Amino acid sequence: MAAAGSGFEDPTADVLDQAAAAFGLLASPARLHIVWALAQGESDVTGLAERVGGALPAVSQHLTKLKLAGLVRSRREGRRQVYYVDDPDVVDVVRLMVGRLTDRAAPPRRRLHGL
């Protein structure tokens, strides 16, 4: 189904459902912070809990939800479970949104006259 005059096809209901579910998971500030942190580099649950300021069991539960949704993956390194974001599109979306909102919150830069 095409959108009127736009030249783009509307996504299927299934694709919209999947996108809404992914955005729903990222609507939690704690989970968004975890994905942001993992977009910067992989980490174990202890490192993530320290970085995001969450309790270890809570961060572990968030990671489980993100993993079940396919937004985060993990691998075993000895006795540790290391988490990472394996989807560059998820990283791009999170970085774009957080970066834009950070830019909006920053005080405006003063321009030099004549430049």
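Note that the coordinates shown come from a computational prediction; the quantities given were computed from them, not determined experimentally.
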Sequence neighbours excluded, the answer for side chain to side chain donor-acceptor pair (under 3.5 Å) partners of Gln81 is Ser74, Arg76
So side chain to side chain donor-acceptor pair (under 3.5 Å) across residues 92-102, not counting sequence neighbours, yields none
Hits for side-chain contact (heavy atoms from CB on, under 4.5 Å) against Arg80, two or more places apart or cross-chain, chain-then-number order -> Asp44, Glu77, Val82
Using a 4.5 Å side-chain heavy-atom cut-off and chaining through intermediate ILVMFWY residues, the residues clustered with Val15 come out as none
With sequence neighbours left out, the residues meeting side-chain contact (heavy atoms from CB on, under 4.5 Å) with Leu101 are Met97, Arg104
Heavy-atom closest pair (Leu38 atom, Val85 atom, distance to 0.1 Å) is CB-CG2, 3.6 Å
Applying side-chain contact (heavy atoms from CB on, under 4.5 Å) to Asp103 and not counting sequence neighbours gives none
Taken to the nearest 0.5 Å, the spacing of Leu68 CG from Leu25 CG works out to 9.5 Å
| said: Between Val93 and Leu32, is there shared hydrophobic-cluster membership here, with clusters defined by ILVMFWY side-chain heavy atoms closer than 4.5 Å? | reply: no
Ser43 meets the side chain to side chain donor-acceptor pair (under 3.5 Å) criterion, sequence neighbours left out, with none
Across all chains, not counting sequence neighbours, the side-chain contact (heavy atoms from CB on, under 4.5 Å) partners of Arg73 are Tyr84, Asp86
Residues passing the side chain to side chain donor-acceptor pair (under 3.5 Å) test with Asp89, sequence neighbours excluded, are none
If you look only at distance, which donor and acceptor atoms sit under 3.5 Å apart when one is on a side chain in residues 50-66 and the other is two or more places apart or in another chain?
from  : atom 1 : to    : atom 2 : distance (Å)
His62 : ND1    : Arg31 : NH1    : 3.2
Thr64 : OG1    : Ser60 : O      : 3.0

